[in-house]
Amino acid sequence: MADADLVFVGGHVFASDETAPPRSGLAVKDGSIVAVGGDDEVRDWVGAGTEVVDLAGRLLIPGFQDAHIHAVMGGVELGQCDLTGTTDRDEYLRRIRDYAASHPDDEWIVGGGWSMESFAHGIPDRHLLDSVVPDRPVFLLNRDHHAAWVNTAALEWAGITAATPDPASGRIDRDADGNPIGALQEGAMELVEIPEMTQDQMYDGLLRAQRLLHSLGITGWQDAMLAASNGYADVSDAYVRAAREGTLTATVVGALWWDRDRGAEQIAELVAKRAELTVGRLRSDTVKLMLDGIAENFTAAMTEPYRDGCGHATTNRGMSFIDPAALPHYLTELDRLGFQAHFHALGDRAVRDALDAVAAARAANGSSDTRPHLAHLQVVHPDDVPRFAQLGATANMQPYWAAHEPQMDELTIPFLDPAAVDRQYPFADLVRSGARLAGGSDWPVSTPDPLQGIHVAVNRVLPGEEREAFLPGQRIDLRTALTAYTAGSAYVNRRDDSGRLEPGCRADLAVLDRDLFVRPREEIGDARVELTYVDGRRVSG
């Protein structure tokens, strides 16, 4: 028996199968797991050159994988005008003023992270920005990245006035006289062409993000927007550069953006991009199809209309960014070519459209191993819950959103059809139906920390808060939630040699500061990752 490079002893080695015998140790050789079992079993692998890590009762898990994230965007925003971590308007203005003062030569002030709950009806006013930055354009994305807050200078620069029509895929928020207020929803953001990020800014953002994600135990992810269009930045070159230079230590799947203003003619281009953007630790064989918007600005596609402020039904059922009649034809061809489909499907009508498209592709091509997945799933109609398992479509959850907080309680629940309110984030129903779950964050929309998401999935309450649980019948247990963020996301990422702690699997590992299984579930969000390994090599801690 050859000596192991790395041996862990004295802890709890996670298994997604609750019937598995207890395991306290694990051995790694040449980047792979070679033994899992009791301390005595793995100590047989210890030699003169073996590094031995005493877990001291801590929990060893597979490295987390994020199934839906925008890592480059998140990393870049960390270096811009950052409004995350607060909902206080005065604090927003202080940060914006300070950032502008410390960047006097920047022609634009760009950043984001503000919350809709900070403003009446979720709509910020340009005059607030004018009070701190009156002399140059300001463009700040909200935390969901579905709207932008702009000042008067930005509107004037873009030529947006009361006479400017709303684009088909978005909305200019206006006052009673039709004048732009200072908020641009969805496709209306494209009307303001902010300066493009430089390649160096995006590369630096990727490396900044990778350091943060590794510190959170994340060893791989699926970036949900490569080769972007429709006004979004294309971050592809940052990944290719990092993959070629060897600075990309995570394993990344790139989801190639489907241009929603075009049709099937772009498929040949996606085939070429798949080859071009598959380099080293980067593989780009997924297509991202953004079907709808978000519930808070009434652009998520719903089967039932939104309500107005008095609770009456309106005529608005949200937006379909891709023609639902054409979607099955697009997906059938993508599936035939071996592409995985990654859907943004937030409203129940968008979820149904996605599942209908998967069903059409299955009927035409058979049950190919393309592993489609649907992200967000805020509202799912009960009739569609069992279809995930039937069609082999993974439910890609962002559980941090499944909690009572002002954006949910003030800007969502009052405006949804009453039946839809109780159909939000139905994780337990999906599990009971046999669906496979994967876990993601949508960072920088919300925290990239998987433990924070797992806390909400298990408790349906935000970490550190003592509030009523949000639809507590949709809680899932800790083992299921951990499995979603490890083996579930590994399945989505088609990384079948990871996500599990078994001999032959890659040694992508994370050590938590405690054993979550012997602590109250209310403490999950307090846990931290202390060590992270990729292929058996420490990358954080």
Side-chain angles (χ1 to χ4, degrees), residues 1-66 210 213-221 246 248-253 280-283 438-439 450 479 482-517 529-541:
M1 179 184 296
D3 295 344
D5 302 317
L6 179 65
V7 166
F8 298 88
V9 295
H12 176 182
V13 177
F14 175 71
S16 57
D17 182 359
E18 62 182 353
T19 66
R23 310 181 304 176
S24 59
L26 180 146
V28 175
K29 176 72 174 176
D30 296 331
S32 296
I33 299 170
V34 292
V36 183
D39 284 2
D40 291 341
E41 297 173 72
V42 299
R43 284 190 188 278
D44 290 340
W45 289 86
V46 175
T50 304
E51 178 187 356
V52 179
V53 177
D54 184 0
L55 293 171
R58 294 174 293 177
L59 180 64
L60 177 66
I61 63 171
F64 292 121
Q65 294 184 41
D66 194 311
Q210 183 173 249
L213 298 177
H214 281 337
S215 75
L216 299 174
I218 298 170
T219 57
W221 59 81
L248 185 64
T249 50
T251 302
V252 177
V253 174
R281 300 181 76 93
L282 171 68
R283 191 186 76 247
R479 193 177 305 276
L482 269 173
T483 299
Y485 275 89
T486 53
S489 294
Y491 177 85
V492 159
N493 289 334
R494 297 197 266 199
R495 294 184 55 204
D496 294 337
D497 60 349
S498 65
R500 297 171 292 115
L501 300 183
E502 302 293 344
C505 289
R506 289 172 53 170
D508 290 357
L509 313 166
V511 177
L512 275 56
D513 65 357
R514 68 197 73 187
D515 184 353
L516 298 177
F517 289 91
V529 171
E530 294 189 332
L531 300 168
T532 306
Y533 298 81
V534 171
D535 294 334
R537 181 174 65 86
R538 188 186 303 186
V539 294
S540 182

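Just so it is clear, the values below take in all heavy atoms, side chains as well, and ignore hydrogens, waters and symmetry mates. As the structure is a prediction and not an experimental result, all values here were calculated from the model.
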Report yes if some heavy atom in the side chain of [X] is under 4.5 Å from a heavy atom in the side chain of [Y]; otherwise report no.
X	Y	answer
L482	F517	yes
Q65	Y491	no
Q210	V539	no
V28	Y533	no
L531	V53	yes

Please collect all side chain to side chain donor-acceptor pair (under 3.5 Å) contacts where either partner lies in [range], sequence neighbours excluded, each pair once.
range	result
residues 43-56	E51-R538
residues 3-16	H12-D515
residues 18-28	D17-T19, R23-E502, S24-D39

Judged by atom type as modelled, is there a donor-acceptor pair below 3.5 Å linking the side chain of [X] to the main-chain atoms of [Y]?
X	Y	value
R58	L55	yes
R500	T486	no
S489	G439	yes
R281	T249	yes
R283	N493	yes

Looking at V13, L501, D497, which hits side chain to side chain contact (heavy atoms under 4.5 Å, CB included) with I33? L501
Give the intermediate values and the outcome of side chain to side chain contact (heavy atoms under 4.5 Å, CB included) for residues V42 and F8. CA-CA 8 Å; V42 299; F8 298 88; over 6 Å; no
Can you name the residues that form a salt bridge (charged side-chain N to carboxylate O under 4.0 Å, His left out) with [X], not counting sequence neighbours?
X	result
D508	R495, R506
R494	D285
E41	none

Taking atom [atom1] of [X] and atom [atom2] of [Y], what is their separation to the nearest 0.5 Å?
X	Y	atom1	atom2	answer
L60	L509	CG	CG	5.5 Å
L216	D66	CG	CG	10.0 Å
I218	L213	CD1	CG	4.5 Å

So, for S498 and A490, which heavy atoms are closest and what is the spacing to 0.1 Å? O-CB, 3.6 Å
Using the ring of each side chain (for Trp, its six-membered ring), is F64 parallel, tilted or perpendicular to Y485, with breaks at 30° and 60°? perpendicular
